[in-house]
Amino acid sequence: MKRSHYCGDVRATDTDKEVQLLGWVHRRRDHGGLIFIDLRDRSGLVQVVFNGDDKKLLAEAEKLRIEFVLEIKGKVVKRTPETINKNIKTGEIEIAANYLEILNTSKTPPIEIADPTNEPDEMVRLRYRYLDLRKDKMRENLIYRHKIIKAMSDYMDNKGFLEIETPFLTKSTPEGSRDFLVPSRLNPGRFYALPQSPQLFKQLLMVSGMEKYFQVVRCFRDEDLRADRQPEFTQLDIEMSFVGRDDVISVIEGLLEHSLKALEKDIDQYRGKIIPLISLPFPRLSWEDAMNRFGSDKPDLRFGMELIDISDLVAGTECAIFAKTVKSGGVVKCLNIKQKKLSRAELEKFEELAKKLGAKGLAWMVLESDGPKSPIAKFFKEHELELIFKKAQAETGDILLFAADKFEMACNVLGSVRMELGKKLNLIDANSFKFAWIIDFPLFEYSETEKRWVSRHHPFTSPQGTLDDIEERFLKDPSSLKAQAYDLVLNGVEIGGGSIRIHRRDIQEKVFKILGLPDKEVQLRFNFLLEALEYGAPPHGGIALGLDRLVMMLAGMESIRDVIAFPKTQSALCPLTGAPDVVDPHQLKEAHIRIAA
RNA sequence: GGGCCCGUAGUGUAGCCCGGUUUAACACGCCUGCCUGUCACGCAGGAGAUCGAGGGUUCAAAUCCCUUCGGGCCCGCCA
């Protein structure tokens with residue numbers, strides 16, 4: 001049984017041809033003696049007519065219901081001008097059926113496949129995912145995803161990269177996210193871990209002399225879920241030998257340019273999608289600039305409203321909160337909301353948000369024609385206010401929001417407020433795609449919970465500078481050490497990150513030491529890496545792109561789940577299969593596992 | 001671990017604030033009948049809901065209170 005055409009591909013040029021179609025009943029319009037069926041397959045819709053000339057066939061067609069699976073044979077006929085349907089690709093023709101076989105019937109589906117406006121509760125969508133995936137939106141998203149990943153693979157191949165698979169059953173490493181563990185039946189009491197990323201294997205492949213590696217690979221992290229985070233997700237993982245930061249960056253820029261262009265070819269398979277126009281090279285911002293100007297290490301560059309640092313202007317004022325903050329090494333920053341009205345209640349909402357994020361408060365000034373209305377204006381002298389207004393380019397009708405805190409806290413708080421304002425005040429053009437590189441990240445950050453310095457990227461990231469430099473600067477101020485790391489950001493979302501790696505044992509050991517990892521632990525967990533670095537490891541570096549997130553952004557979706565065929569709920573459950581589930585006691589016994597009750 | 005929002009026929013919603021004229025409404029879908037040019041077909045009729053679950057307040061609870069379950073968004077977490 002073979003089809004002659006896909007439903008969506010039949011055209012006026014096929015007129016008078018006998019065709020054979022396979023598909024699902026999308027909609028039916030039963031006029032009694034005349035029945036229309038919209039037949040759907042992956043390619044789209046075509047109208048099939050049972051015109052009543054053949055009474056037996058018509059009687060059979062009367063049995064048809066939504067989502068029945070059919071084999072249809074018939075003749076392609078041109079529609080009369082007044083019956084042409086411009087809304088579908090096949091609207092100039094229809095199929096005059098002369099044969100119908102019902103290959104399968106269908107219960108009434110809990111999801112209205114033909115109605116794009118009716119989107120059921122996500123629980124229903126995931127429970128009946130195979131039906132949800134029949135809808136245009138999801139089908140188009142999955143095709144779009146396939147096309148872009150295929151284009152990426154082709155590009156990598158053309159550039160001489162080898163796709164090499166790395167193990168899923170691997171070793172748990174300290175640092176980083178929580179591992180998913182897999183018990184080893186053959187080795188009682190021992191566990192594999194699913195990889196958080198193929199990081200160490202791709203480095204070992206560089207030691208192996210593979211030079212250019214890539215992999216479209218699943219990664220696993222047992223952390224709490226978000227709209228853009230799933231416990232398993234897909235990366236385009238890349239590693240190269242003998243490269244520096246700019247080499248990696250230019251590969252990715254070329255990759256994205258190529259892949260987005262390739263999407264244009266198949267645009268009719270995912271109508272409604274925008275193919276972003278991008279211009280190379282992407283802007284680069286140092287981490288510090290990104291924090292200073294946008295209050296985020298993944299700034300959304302689709303709108304302005306940058307943060308303004310007024311620390312030097314308030315240090316000597318009588319505004320105690322501001323002056324004290326600056327004196328103790330913190331910063332005072334503000335946002336200028338140009339010519340927008342916000343009620344006192346709305347301003348208080350933003351203060352609430354700031355406090356939730358850990359700020360002590362959020363001060364505001366409403367610049368009215370008769371002067372600034374503000375709880376804190378009285379602490380400033382006239383000329384002090386004027387300097388602040390000048391720096392913030394504030395004029396009557398503007399509103400200023402202030403945060404005073406340690407550098408990162410003040411930036412993050414105003415950065416979040418900025419994003420909320422951007423959404424609330426409609427400053428964001430949903431059709432624009434702003435890529436940017438964030439570079440010169442700090443190598444370490446201090447973990448308050450662990451009371452020690454931890455890697456901001458990962459412990460294999462090469463520091464900027466020489467070994468002596470590193471020792472000296474670490475002793476003086478660990479936060480001043482910069483990493484040879486880079487993140488790719490799109491519209492305020494981190495879609496990739498990478499670094500030049502450490503390829504010398506002595507430096508790697510030094511970093512482990514700084515991180516406070518006991519020698520024994522290092523020996524146990526990372527000895528294989530340290531050893532490998534001693535056998536002619538070339539300088540190398542790479543990057544990984546989060547493909548789910550990238551596709552989500554490009555496809556205009558708000559959730560990563562809309563570009564994953566079978567995702568999990570926020571509590572990491574699969575409503576379709578019921579995973580995770582209890583297992584048979586025999587299986588537990590074989591895995592040498594006892595459940596603590 | 002914490003904050004916020006949601007849960008009403010198969011699906012999407014209204015009703016909830018301020019308890020009683022509600023016999024829980026509307027749209028889609030479903031069922032029956034009619035219909036030869038529709039394409040969101042139309043027309044006539046019909047079935048379908050213990051209002052997530054449990055408890056409480058009250059003469060009276062979808063509506064108020066408490067508990068609990070499930071879903072979503074966020075903070076923490078995500079080298």
Side-chain angles (χ1 to χ4, degrees), chain A residues 26-39 45-53 58 62 65-67 77 79-80 82-88 90-91 94 96 106-128 131-132 173-179 196-197 199-200 219-231 233 349 352-353 355-358 412-413 416 419-420 441 443-445 447-450 453-461 483 485 494 497 499 511-512 515 517 546 558-559 561 568-571 573 575:
Chain A
H26 190 64
R27 264 193 272 262
R28 71 190 168 102
R29 293 176 290 281
D30 183 347
H31 292 234
L34 175 73
I35 296 173
F36 298 99
I37 295 293
D38 288 338
L39 193 68
L45 298 177
V46 69
Q47 174 165 278
V48 178
V49 195
F50 299 89
N51 63 16
D53 295 346
L58 187 74
E62 276 170 12
R65 292 295 179 269
I66 277 175
E67 297 308 312
V77 295
R79 299 201 199 180
T80 58
E82 67 277 11
T83 60
I84 285 175
N85 183 353
K86 292 203 184 81
N87 299 321
I88 59 175
T90 58
E94 62 193 6
S106 171
K107 293 181 21 176
T108 302
I111 291 177
E112 292 188 32
I113 289 147
D115 184 357
T117 66
N118 180 313
E119 182 158 280
D121 182 86
E122 195 153 8
M123 196 60 184
V124 175
R125 293 179 58 203
L126 294 184
R127 168 83 177 76
Y128 298 96
L131 298 178
D132 193 41
T173 51
E175 302 286 290
S177 70
R178 195 174 293 116
D179 288 318
Q196 301 166 26
S197 85
Q199 182 60 35
L200 293 174
C219 303
F220 306 87
R221 294 179 188 175
D222 188 6
E223 298 292 346
D224 286 1
L225 285 73
R226 289 284 190 283
D228 62 355
R229 272 161 42 184
Q230 282 275 305
F233 60 98
K349 272 248 166 67
E352 212 172 288
L353 168 70
K355 281 183 173 164
K356 236 167 50 183
L357 295 172
N412 280 329
V413 164
S416 299
M419 283 312 299
E420 281 306 305
F441 277 83
L443 187 60
F444 303 116
E445 63 188 336
S447 164
E448 292 293 344
T449 47
E450 296 185 47
W453 292 89
V454 298
S455 297
R456 187 177 273 271
H457 187 53
H458 57 53
F460 321 111
T461 303
E494 181 197 328
S499 62
V511 168
F512 285 146
L515 293 174
L517 297 184
E558 307 235 307
S559 165
R561 297 186 296 277
K568 299 195 169 44
T569 65
Q570 192 159 60
S571 45
L573 306 174

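In what follows, every chain begins at residue 1, and chains take the letters A, B, ... in the order their sequences are listed.
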> Got a donor-acceptor contact below 3.5 angstrom from the Thr90(A) side chain to the Leu45(A) backbone?
Replying inline: yes
> Counting side-chain heavy atoms from C-beta on, which of U38(B), G72(B), C74(B) comes nearest to Thr83(A)?
Replying inline: U38(B)
>> At less than 4.0 Å, is any side-chain N or O atom of Arg127(A) found next to OP1 or OP2 of U11(B)? Yes or no.
In response: no
> Closest to the Arg226(A) side chain: U11(B), C74(B), C78(B)?
Replying inline: C74(B)
> Excluding sequence neighbours, so at least two apart, what forms side-chain contact (heavy atoms from CB on, under 4.5 Å) with Asp179(A)?
Replying inline: Ser172(A), Leu181(A), Ala193(A), Gln196(A)
> For the side chain of Arg229(A) and the backbone of Asp224(A), is there at least one donor-acceptor N/O pair under 3.5 Å apart?
Replying inline: yes
> Hey, does Gln47(A) have a side-chain heavy atom less than 4.5 Å from the side chain of Arg79(A)?
Replying inline: yes
>> Of the options G71(B), G76(B), C28(B), whose atoms approach the side-chain atoms of Thr569(A) most closely?
In response: G71(B)
> Which nucleotide in the list G70(B), C31(B), C73(B) gets nearest to the side chain of Met123(A)?
Replying inline: G70(B)
>> For Glu122(A), give me all partners under salt bridge (Lys or Arg N to Asp or Glu O under 4.0 Å), at least two apart in sequence or on another chain.
In response: Arg561(A)
> Roughly how many Å is it from CD in Glu62(A) to C1' in U36(B), rounded to a whole number?
Replying inline: 12 Å
>> Nearest whole Å is fine: how far is C74(B) P from Glu352(A) CD?
In response: 18 Å
> Using a cut-off of 4.0 Å on non-hydrogen atoms, how would the nucleic acid contact of Leu200(A) be classed: base, sugar-phosphate, or nothing?
Replying inline: nothing
>> Any non-hydrogen side-chain atom of Val49(A) less than 4.5 Å from a side-chain atom of Leu34(A)?
In response: yes
> In this structure, which one of His26(A), Arg29(A), Arg28(A) forms a side-chain hydrogen bond (donor to acceptor under 3.5 Å, both in side chains) with Asp38(A)?
Replying inline: Arg29(A)
> Looking across every strand, which nucleic acid part, if any, lies under 4.0 Å from Ser571(A) by heavy atom: base, sugar-phosphate, or nothing?
Replying inline: sugar-phosphate
N/O-N/O pairs, protein side and nucleotides 40-44 of chain B side, under 3.5 Å:
{"residue": "C41(B)", "atom": "OP2", "partner": "Arg27(A)", "partner atom": "NE", "Å": "3.4"}
{"residue": "C41(B)", "atom": "OP2", "partner": "Arg29(A)", "partner atom": "NH1", "Å": "3.0"}
{"residue": "C41(B)", "atom": "N4", "partner": "Asp30(A)", "partner atom": "O", "Å": "2.4"}

> Where the side chain of Asp121(A) is concerned, which of C77(B), G71(B), U32(B) is the nearest nucleotide?
Replying inline: G71(B)
> For Glu119(A) and G29(B), what is the distance between atoms CD and P respectively, to the nearest whole Å?
Replying inline: 18 Å
> In whole Å, what is the span from the CD1 atom of Ile111(A) to the P atom of U11(B)?
Replying inline: 10 Å
>> Given G12(B), C30(B), U38(B), identify the nucleotide with an atom nearest to the side chain of Asn118(A).
In response: G12(B)
>> Counting only Watson-Crick pairs (N1-N3 plus N6-O4 or O6-N4) and G-U wobbles (N1-O2, O6-N3), all under 3.5 Å, who is the partner of C4(B)?
In response: G72(B)
>> Please classify the nucleic acid contact of Arg456(A) as base, sugar-phosphate, or nothing, using heavy-atom distances under 4.0 Å.
In response: sugar-phosphate
>> Please report the distance, rounded to the nearest Å, between CG in Asp115(A) and P in C28(B).
In response: 10 Å
>> Between His31(A) and Gly33(A) (side chain of the first, backbone of the second, donor and acceptor by atom type, cut-off under 3.5 Å), is there such a pair?
In response: no
> Between atom CG in Leu353(A) and atom P in C5(B), what is the gap in whole Å?
Replying inline: 16 Å
> Within the structure, does a side-chain N or O atom of Gln47(A) lie under 4.0 Å from either OP1 or OP2 of U38(B)?
Replying inline: no
> Hey, does Pro459(A) reach any base, or is it just sugar-phosphate, or nothing, if we go heavy atoms under 4.0 Å?
Replying inline: base
>> Going by purine N1 to pyrimidine N3 plus the second Watson-Crick contact, or the G-U wobble pair, all under 3.5 Å, which nucleotide sits opposite C17(B)?
In response: none
>> By nearest atom, which of the nucleotides G76(B), U38(B), U11(B) is closest to the Glu94(A) side chain?
In response: U38(B)
>> Looking only at the side chain of Glu112(A) (C-beta and beyond, no hydrogens), which of the listed nucleotides C78(B), U11(B), U38(B) gets closest?
In response: U11(B)
>> Measuring only the P atom in each nucleotide, how far is G3(B) from G19(B)? A whole number of Å is fine.
In response: 28 Å
> Rounded to whole angstrom units, what separation is found between the CG atom of Leu225(A) and the C1' atom of G72(B)?
Replying inline: 12 Å
> Is there a donor and acceptor pair closer than 3.5 Å between the side chain of Asp224(A) and the base of G76(B)?
Replying inline: yes
>> What I want to check is whether an N or O donor and acceptor connect the side chain of Arg65(A) with the base of C31(B) at under 3.5 Å.
In response: no
> Mind checking who C26(B) pairs with, Watson-Crick or G-U wobble, both distances under 3.5 Å?
Replying inline: G12(B)
> Just how far, in rounded Å, is P of C35(B) from CD1 of Ile35(A)?
Replying inline: 12 Å
>> Quick check: any donor-acceptor pair below 3.5 Å linking the side-chain of Arg229(A) to the base of C78(B)?
In response: yes
> Glu223(A) side chain to Arg178(A) main-chain N or O, any donor-acceptor pair under 3.5 Å?
Replying inline: yes
